4 protein chains.
Amino acid sequence: MQKTNIKQHIVNVASKLFYTQGYNATGINEIIAKSEIAKATLYHHFKSKEDICIAYLEQRHKIFLGALKEFTDKANKGRPQLICIFDYLRNSYREGEFHGCWAIKTLSELPPQNQKILTVIQRQKKELLLFLGEVVGDNIANISIAETEKISGGIYLLYESAITETHLHKNDWPIHLAKSLAPSLFAEAQLVN
Amino acid sequence: MQKTNIKQHIVNVASKLFYTQGYNATGINEIIAKSEIAKATLYHHFKSKEDICIAYLEQRHKIFLGALKEFTDKANKGRPQLICIFDYLRNSYREGEFHGCWAIKTLSELPPQNQKILTVIQRQKKELLLFLGEVVGDNIANISIAETEKISGGIYLLYESAITETHLHKNDWPIHLAKSLAPSLFAEAQLVN
Amino acid sequence: MQKTNIKQHIVNVASKLFYTQGYNATGINEIIAKSEIAKATLYHHFKSKEDICIAYLEQRHKIFLGALKEFTDKANKGRPQLICIFDYLRNSYREGEFHGCWAIKTLSELPPQNQKILTVIQRQKKELLLFLGEVVGDNIANISIAETEKISGGIYLLYESAITETHLHKNDWPIHLAKSLAPSLFAEAQLVN
Amino acid sequence: MQKTNIKQHIVNVASKLFYTQGYNATGINEIIAKSEIAKATLYHHFKSKEDICIAYLEQRHKIFLGALKEFTDKANKGRPQLICIFDYLRNSYREGEFHGCWAIKTLSELPPQNQKILTVIQRQKKELLLFLGEVVGDNIANISIAETEKISGGIYLLYESAITETHLHKNDWPIHLAKSLAPSLFAEAQLVN
DNA sequence: GATGAATGAGAGTTCATTCAT
DNA sequence: TATGAATGAACTCTCATTCAT
């Protein structure tokens, strides 16, 4: 463990714990124990547990969106690219260590008043929506803004439930179903290529 | 407060608190204070907080499914009945005291090992799926089992994300979007009436 | 379960629990559950848990002393009868369900102020001492009162530690050692027969 | 109250309470109140109440064995040294704050499954046995291992019952009786000096 | 004679955070 | 910069006993 970047190290340790055990079930003591640092060291780098939580959410989101974009780029134009988010999700599920959506789960654990983290998550989900809108725009010809939002919104809704329901039912049928249903969202649209 | 049925009274009080504040954020002390009973009285009726949680989930589910069925019966045959679950959800949202899906939220709050509550929630969601399957069967003519499952599953996925995303974004656009997208799931099917 | 003698039934159930689990570790609820009676029924027959404890001690003592006397009567006069208490103890140990001395254990569990139960136990132990004194008188010729007390007291001390130490070490070497040492207590005495 | 060594301070306070009132009768709340520390401070130093109990047992044993050895060294060789443990016990009784054997009492208070503390107590008693064996070896000439174990075991049994019975009967006759009987254990042995 | 719901007091334990060093 | 001892507040749960029925 190099201490040159302790902050990153803490986030890494906390991320794993938060995602696998839950935010509330993970105590500060467990984080410092697994990080092998002193308690005050943690509080030197982070104002509060909530701050670690935000760093955790930001890191997960950044990695996720980056990987998704890369994955999308590799897919063929048209229909494959439009529904490749479900393949990406299926891969995540198969790789193990799948515990559903960190954002939704974290939101559920926090008191409803927590505006700070809510704002972070809302922004992240909007970024995902925006990206899906770009994918739709890239792969459907002559499409209006309204249509773009409708289709990308549909993919978004199917994706969000696919991840949550797969986690709930401990089975990936929601992913496969969502993937098979997605094309009906743009059945009448004119795909590029 | 009539003490003729304390058990029900406790569940009512706990339900409200669990749903609005969250399961972990609601302590036993708050439940007994709001219920105006002694701590040991609560534990006389419920073995543990987990047991209250299960009673809460069961009650919510029973009320929800009952009301949904009643609401569906009132809708016109065909397309209206197929998508009326989104109208039902919109009504719930408008009536206030909407805090997303109690089942998903509760699941997020519990340690991943909690098989007991997971099983309850899985069963409840399967009951919803079954009911949606019946609605599809009642309103689409000459439909195979596979098609039924696909369409009802689609409605289920859209409903589940509609409720979660509406809660997340504090806006009912996911409900309206889901409702407008649902018909594309059975665009080629032959509706009754 | 015949309810003709509920009181006895309760004592039987409580005795087993007290002896195997300990007095404090055994709750009233467990007693009524295992007795299959109502809580108020228990309190109808016993004023308090302490009262059940006394009934438990009295029953154990009565059974023990009765069986010991019977066992002693069967032994041959002289040395065999003088040390047969250790054979009796070894038998108890071998029969299983041996958990040390109920009196000493119970005394340890109660607050030092509890004069009531202390008195009961002191009396019981004195009865044992008295009986051992009779055995000594029966088996040693021309013995003074002082000598009788010394020898019976010695047997008593060896017996008491044999039972406690056997329980502590989970091994019956203290019983065998005590039995082998006891004769040195009356090495110079003149045994009958 | 110097807070330089809080851990020791807690053990001291708990020791007194455990020994005089009993383990179960002494609550964590009482320990922290008498220690004048916060509850979380106690749990910072000790994992559980059981851990404090072990520290209590270890401390008592260490002090006891140390003092007993010192006391034995001061006694004259031969018979005085062999039976001086009873004088040591009588002194303890006279000094007040005598409440029997902490180990036996604690064992009686714990559920039979508690292997951890049982092991500690068994080890401690074996250390006492070992020490008594050394004393026997030092004071009896030409003695075999078997004879050593028999005599030291006898002293051990008499000592153990002397302490327990003195506590039970609230009278030191068991100590005096045990002391007077002990020499019969090595009546035929050849003492040094 | 028998019921079981209700209780007040307390149990042991864990939490995120602060502060003197 | 880094430490870890100390904290107050909260946690879930259990106890022997009583009382109206």
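All chains are named by letter (A, B, ...) in the order of the sequence lines, taking the proteins before the strands, and each is independently numbered beginning at 1. Fair warning: this is a prediction, and the values are worked out from it, not measured in the lab.
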List for me each residue that meets side-chain hydrogen bond (donor to acceptor under 3.5 Å, both in side chains) alongside [X], sequence neighbours excluded, and say none if there are none.
X: D:Gln122; value: none
X: C:Asn29; value: C:Lys39
X: C:His61; value: C:Glu127
X: A:Glu50; value: A:Asn114

Selection from F:dT7, E:dT3, F:dT1 that lies nearest to any side-chain heavy atom of C:Ala38:
E:dT3
Polar pairs (N or O, both sides) under 3.5 Å between protein and nucleotides 17-21 of chain F?
residue: F:dT17; atom: OP2; partner: C:Tyr43; partner atom: OH; Å: 2.9
residue: F:dT17; atom: OP2; partner: C:Lys49; partner atom: N; Å: 2.9
residue: F:dT17; atom: O4; partner: C:Lys39; partner atom: NZ; Å: 2.8

Give the rounded distance in Å between these two atoms: [atom1] of [X] and [atom2] of [N].
X: D:Leu42; N: E:dA11; atom1: CG; atom2: C1'; result: 14 Å
X: C:Glu36; N: E:dA2; atom1: CD; atom2: C1'; result: 16 Å
X: C:Ile32; N: E:dG4; atom1: CD1; atom2: P; result: 9 Å
X: A:His45; N: F:dT1; atom1: NE2; atom2: P; result: 9 Å
X: D:Ile52; N: E:dG12; atom1: CD1; atom2: P; result: 9 Å
X: A:Ile31; N: E:dA16; atom1: CD1; atom2: P; result: 8 Å
X: A:Ile37; N: F:dA2; atom1: CD1; atom2: P; result: 10 Å
X: C:Leu110; N: F:dA16; atom1: CG; atom2: C1'; result: 14 Å

What pairs with [X] under ring-ring contact (aromatic ring centres under 6.0 Å, His included), at least two apart in sequence or on another chain?
X: B:Phe18; value: B:Tyr23, B:Tyr56
X: D:Phe98; value: D:Tyr93
X: D:Phe46; value: none

Could you tell me whether the side chain of D:Asn24 and the main chain of C:Glu109 form a donor-acceptor pair under 3.5 Å?
no
Using a cut-off of less than 4.0 Å, is there contact between a side-chain N or O of B:Thr41 and OP1 or OP2 of E:dA5?
no
For E:dA6, does either OP1 or OP2 sit under 4.0 Å from a side-chain N or O belonging to B:His44?
no
For residues 99-108 of chain B, dump all side-chain donor-acceptor pairs below 3.5 Å to protein atoms at least two apart in sequence or in another chain.
residue: B:Lys105; atom: NZ; partner: B:Tyr19; partner atom: O; Å: 3.0
residue: B:Lys105; atom: NZ; partner: B:His99; partner atom: O; Å: 3.1
residue: B:Thr106; atom: OG1; partner: B:Trp102; partner atom: O; Å: 2.6
residue: B:Ser108; atom: OG; partner: B:Ile104; partner atom: O; Å: 2.9

Regarding C:Lys62 and C:Glu58, does a basic nitrogen lie under 4.0 Å from an acidic carboxylate oxygen?
no
Only counting residues at least two apart or in another chain, list the ones meeting side chain to side chain contact (heavy atoms under 4.5 Å, CB included) with C:His44.
none
In residues 20-27 of chain A, which residues come under 4.0 Å of DNA chain E by heavy atom?
A:Thr26, A:Gly27
Any chance you could encode DNA chain F as dot-bracket? Rule is Watson-Crick or G-U wobble with both distances under 3.5 Å; [ ] for pairs crossing earlier ones, | for another strand.
.||||||||||||||||||||
